[in-house]
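Reading through the structure tokens given below for one structure.
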Amino acid sequence: MALTMKSGLKAAAPARGRSVSVRASAYDSELIATANKIATAGRGILAMDESNATCGKRLQSIGLENTEDSRRTYRELLVTTPGLGKYISGAIMFEETLFQKTSTGKRMTECLTEQGIVPGIKVDKGLVPLANSNGESWCMGLDGLDTRCGDYYKAGARFAKWRSVVSIPAGPSQIALRDCAYGLARYAAIAQNAGLVPIVEPEVLLDGEQDIDQCLEVQEAIWAETFKYMADNKVMFEGILLKPAMVTPGADAKVKSSPETVAAYTLKMLRRRVPPAVPGIMFLSGGQSELEATLNLNAMNQSPNPWHVSFSYARALQNSVLKTWQGKPENYKAAQESLLQRAKANSDAQLGKYDASGESAAAGERTYEKGYKY
Amino acid sequence: MALSAKSAAARSAAAPRGAASRARTVRVAALSTEKSNPYMEELRATANYIATRGKGILASDESNATTGKRLATVGVDNTEDNRRAWRELLYTAPGLGQYISGAIMFDETLFQSTAGGVQFVDVLKKQGILPGIKVDTGLEVIPGTDGETSTQGLDGLGERCARYYKQGARFAKWRAVLKVGSSTTAILENAHGLARYAQIAQANGLVPIVEPEVTLGPGTYTIEENAYWSEKINSHVMRLLNEYGVVLDAILLKPNMCLPGLDAPTASPADVAKYTVRTMLRSIPPAVPGIHFLSGGMSEEESTLNLQALQEACPNSPWSLTFSYGRALQSSTLKTWAGKKENADKAQDILVQLARANSQAQLGKYKGPHPVPGGGRILQALRTGGPGK
């Protein structure tokens with residue numbers, strides 16, 4: 001029963017709609033499966049993708065030289081931790097590590113997959129100064145990204161990560177905000193087309209004196225912008241993961257917030273900006289102490305959320321490990337044990353069951369560095 | 001990427017602590033609205049109430065001209081008193097408030113009373129139904145497009161909303177009309193209108209129902225195409241709502257369900273639900289309390305069956321997947337009444353039965369039989385031409 005239009009109005013022309021290609025790539029179902037494998041209850045991501053320079057800083061802090069061999073030894077310690085796969089569903093690597101083998105000749109990726117941990121790969125090329133901004137940065141890496149992603153997929157990676165930053169003390173400026181969001185959107189589309197689940201990370205840095213309300217405002221703005229451009233670039237939301245910063249006061253703010261407040265603000269922001277199609281939200285720790293990061297995550301999981309709310313921690317999982325290891329073979333097992341302990345704590349937090357009473361003082365140490373370079 | 005000490009010092013010299021925000025160029029609209037709007041708590045409560053599970057909206061906001069056309073189909077003249085009597089029948093239906101949380105009215109109706117002199121707003125409130133008000137003033141063709149329309153009504157909107165609030169309205173509605181294959185011009189224009197309207201409504205105490213209708217239109221376009229365009233349009237609407245600082249916790253959405261074109265085979269409720277739910281999951285953040293689907297020409301039974309299927313396709317939905325039905329609640333009610341006093345009770349009964357069926361469907365508990373089974377599509381022509389038309 002066709003609709004009759006009033007005279008004067010032409011009939012709707014559906015032709016334009018017919019030529020639209022509804023998004024469908026060869027990898028769609030694999031992307032969804034991978035994203036859901038990572039976003040499983042009680043599990044989160046171990047971020048171990050520090051660049052060689054940054055990894056070097058970590059190693060130097062415990063008296064080791066920054067060589068490929070020492071970096072390999074350290075990463076081997078992490079990925080061969082027995083039982084890690086119970087609490088960790090994905091591990092983000094730096095390019096060097098993706099292609100490395102352990103001291104026994106086994107590929108790092110294999111150590112992970114046999115534990116049920118999905119290998120991931122950092123694909124951005126780092127931050128550089130952004131012209132005409134307030135001293136802000138932009139993230140490089142789009143050139144040749146499609147080829148790189150294809151190579152990483154062949155090497156066994158199944159998810160990617162790209163870290164862009166937003167500075168509250170600097171504004172952020174409109175230019176920086178836009179570029180951050182747009183770069184992420186383009187990266188996400190390219191990664192998906194190469195079979196890698198993109199982790200989308202516009203990190204709102206902890207630096208500054210801003211209060212939690214100002215942080216909320218900036219977070220709402222960057223996520224609105226990021227989802228806007230991702231939709232434009234036909235990113236499939238069922239096959240991405242997010243890596244936001246929690247909504248917190250700045251590192252130098254006068255008033256600190258309890259985990260309950262951080263949780264309330266962060267969930268408010270997520271509910272306002274994140275469509276439920278996104279399977280998982282894996283928070284960065286960004287300079288919080290190990291304890292803070294775990295307590296905050298726990299507070300966010302006291303009632304059901306429309307998405308898996310979990311962790312993707314680097315410093316907040318590795319800090320105690322490094323301190324325990326000190327580069328000494330005799331401390332190797334204890335260091336692995338310490339990683340497992342932190343992973344379990346965050347797993348408990350993901351389930352909303354974390355109990356802080358057994359924690360050491362070291363866990364409460366701040367990992368924040370002003371002007372931190374990843 | 002730390003700020004250089006020099007620039008930091010320069011900034012703090014030129015801009016004392018309190019004015020540091022001047023250096024920030026990000027719009028603060030959302031936050032300042034939320035904190036400075038005295039209606040914010042009430043808006044949230046209103047939106048949450050209307051989105052109560054098991055309830056939906058009765059859309060009864062037809063303009064005088066459209067109401068006239070409806071009345072004409074049952075041989076009733078288009079006079080103010082007849083329009084008043086028709087709405088009185090709807091709002092005084094006993095027990096309607098069990099299933100209906102809000103009723104959208106036209107300007108004239110908001111100020112009308114029953115024959116016995118009781119204001120409609122009071123009749124509704126007594127039933128536990130919040131009064132709402134259509135605030136747009138109709139469609140107009142956008143020049144240079146292929147007959148696409150823009151919705152009018154921003155001029156004087158603030159004042160109108162304040163007056164409506166005073167009269168007892170607590171939510172508003174603005175209908176934007178789009179189609180499968182809308183031009184970017186039309187999408188942006190309609191999304192912009194919706195966002196500005198929503199912002200103004202919230203500022204004046206009315207929860208905005210945001211309605212980006214992708215009309216059920218002629219053609220053989222598939223349900224996938226409809227879903228694609230619905231998703232694209234929703235995305236634009238949400239982004240502009242964010243740009244204008246509209247607080248999403250205090251809006252309601254009134255979208256179309258995803259349906260194939262009128263000249264294509266009808267889709268099953270399961271397919272309608274699959275594509276509609278996917279579209280909502282991809283484009284609507286959980287902060288929005290209620291998604292109130294329009295019936296847009298679906299038959300009364302189709303509207304209920306599809307609503308039931310939505311719950312089955314999305315059992316843990318973060319928003320209420322519910323209804324804001326006009327034709328799907330009124331069509332048989334009107335036919336039963338036909339303007340005759342002796343039919344009033346029977347007509348009210350049909351209305352309440354239809355409301356109950358949809359309430360059950362919202363809860364995922366609808367089993368049938370439908371009060372009005374097997375009906376055909378209830379279509380109306382798109383009209384343009386300015387206020388009151």
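We use all heavy atoms of the structure for the numbers below, so side chains are in, but hydrogens, waters and symmetry mates are not. Here the structure is a predicted model, which is why all the values come from computation and not from measurement. Just so we're on the same page: letters track the sequence lines, and every chain starts at 1.
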Backbone of A:A277 reached by a side-chain donor or acceptor of B:R282 within 3.5 Å: no
Minimum-distance pair of heavy atoms, taken over all atoms of B:H236 and A:D232: CE1-OD1, 4.4 Å
Which residues share a salt bridge (Lys or Arg N to Asp or Glu O under 4.0 Å) with B:E301, sequence neighbours left out: none
A:R271 side, atom CZ; B:W319 side, atom CH2 - distance, nearest 0.5 Å: 10.5 Å
Salt bridge flag under 4.0 Å for residues A:E225 and B:R239: no
NZ/NE/NH1/NH2 to OD/OE distance under 4.0 Å, A:D213 and B:K35: yes
Any B:E231 side-chain heavy atom under 4.5 Å of A:F237 side chain: no
Within-4.5 Å side-chain heavy-atom neighbours: B:P285 and A:V274: no
Distance-only polar pair, side chains of B:N242 and A:R272, donor-acceptor under 3.5 Å: no
Validation row: B:E34, A:K268 side chains within 4.5 angstrom (heavy atoms): yes
Heavy-atom side-chain proximity of A:P275 to B:S283 below 4.5 angstrom: no
More than 12 heavy atoms of other groups within 6.0 Å of A:K228 NZ: yes
Which residues share a ring-ring contact (aromatic ring centres under 6.0 Å, His included) with A:Y265, sequence neighbours left out: none
Residues A:E238 and B:R278 bridged, charged N to O under 4.0 Å: no
